[in-house]
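Working notes for the structure below.
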Amino acid sequence: MDILLISILLGAVTGAILALTGAGGTIIAVPLLMFGLHLVVAEAAPIALFAVCLSSAIGALIAHRQGKVRYRAAGFIAITGVVTAPIGIWLAQKLPNAPLTILFALVLFYAAISMLRQSKMQDEPVKNITDSQSDPASIPCQLAYEQGRLVWTWPCARALAFSGIATGCLSGLLGVGGGFVIVPALRKATNLSMQSILATSLAVIALISAVGVVSATFIGGMNWTIALPFAAGGLAGMLIGRIFAHFLAGPKLQQGFAVVSMGVSVWMIIRLFWMG
């Protein structure tokens, strides 16, 4: 019963952070599971991935109804990520905990820096789009405004495929959504608006995470006793967080969360060597 309640509580915290800070908030799920339930990265990653899958799917469905998701781009990136996600899951089960922990801490630190940059860019969305359009030759994936679709070329497909491969591997290996990889890649490779980029990123994360969850289940790496109450708590926390998001959410909160994430990543490495 104690594990059940702790799982629900940790999930609720993750969901609330997600609602207030955006998709990048789910990356804190693995450290919470490690500190709260004393799991290793290989055990926590599939559970976090399950929560990421549910939360991103809900966000993507809402964004799709609003017409913000570029589903062809999302599907293509997800297909390339699907290939590497099971490989990441398999590697996570084979590698020792120490290098996985260090790798996750480094990824968390990078994601925090990415969130800091993203929060600063939210104040200047129009400027960013204008800057991208000022040099269209440097953008491989051009948006045809008369059709509302991306014009597919080999450089475009190659740029999106690389982001999918990286996202799939990190998703399976560390249980992270990969928004900190997809969002910068879409910003660099396309001239989509920031809202469309974030919505498309959620769709990619949902698809790749779903494959990772299935792969983890088949190889016996998913602890459903913890995963189900954690995910239930995450959904509840996200719904509650959305109620207060209009009052609390914003760039300043994202920046604060990013700073905390940096501290957590440093503490993970210190704790690893302190205990080792």
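Heavy atoms only: backbone and side chains are in, while hydrogens, waters and symmetry mates are out. None of these values were measured; they are calculated from a predicted model.
Other residues, nucleotides and ligands place no more than 12 heavy atoms under 6.0 Å from the CD atom of Q195. Counted within 6.0 Å of CH2 on W152, heavy atoms from surrounding residues, nucleotides or ligands total more than 12; the atom is thus considered enclosed. For F162, the CZ atom counts as loosely surrounded, since its 6.0 Å shell holds 12 or fewer non-hydrogen atoms of other residues, nucleotides or ligands. Annotation: W267, atom CH2; neighbour count of heavy atoms from other residues, nucleotides and ligands within 6.0 Å does not exceed 12.
Here OG of S56 is found 9.5 Å from CG of L61. Values are rounded to the nearest 0.5 Å. Rounded to the nearest 0.5 Å, atoms CD1 (I197) and CZ (R70) are 10.5 Å apart. Note: L170 CG to F104 CZ = 10.5 Å, rounded to the nearest 0.5 Å. Between the CD1 atom in I182 and the OG1 atom in T167 there is a gap of 4.0 Å [rounded to 0.5 Å]. The distance from atom CD1 of I113 to atom OG of S261, rounded to the nearest 0.5 Å, is 11.0 Å. Atom SG of C141 and atom CG of L186 lie 8.0 Å apart (nearest 0.5 Å).
Remark: side-chain polar atoms of S55 are paired, donor with acceptor, to backbone N or O of V52 under 3.5 angstrom. Using modelled atom types, no side-chain atom of T190 and backbone atom of R187 make a donor-acceptor pair closer than 3.5 Å.
Taken together through direct or relayed side-chain contacts under 4.5 Å among Ile, Leu, Val, Met, Phe, Trp and Tyr, I87 and V213 form part of one hydrophobic cluster. Note on I3: it clusters hydrophobically with V13, by side-chain heavy-atom contacts below 4.5 Å among ILVMFWY residues.
Residues V211 and L207 have side chains not in contact (no heavy-atom distance under 4.5 Å, counting atoms from C-beta outward). For the pair V69/L202, no side-chain contact is recorded, criterion being any heavy-atom separation below 4.5 Å from C-beta on. A heavy-atom distance below 4.5 Å is found between the side chains of C156 and T153. I89 is not listed as a side-chain neighbour of L173, based on a closest heavy-atom distance of 4.5 Å or more. For the pair T101 and I269, the minimum side-chain heavy-atom distance is 4.5 Å or more. Here the side chains of M268 and M34 are in contact, with some heavy-atom distance below 4.5 Å. L108 places a side-chain heavy atom less than 4.5 Å from the side chain of V264. F273 is listed as a side-chain neighbour of I102, based on a closest heavy-atom distance under 4.5 Å.
Minimum heavy-atom separation, S163 to V181: O-CG1, 4.0 Å. Looking at every heavy atom in both residues, P46 comes nearest to G221 through CG-O, 3.3 Å.
Of the residues listed (T14, T225, I8), the one engaging F230 in a side chain to side chain contact (heavy atoms under 4.5 Å, CB included) is T14, and it is the only one.
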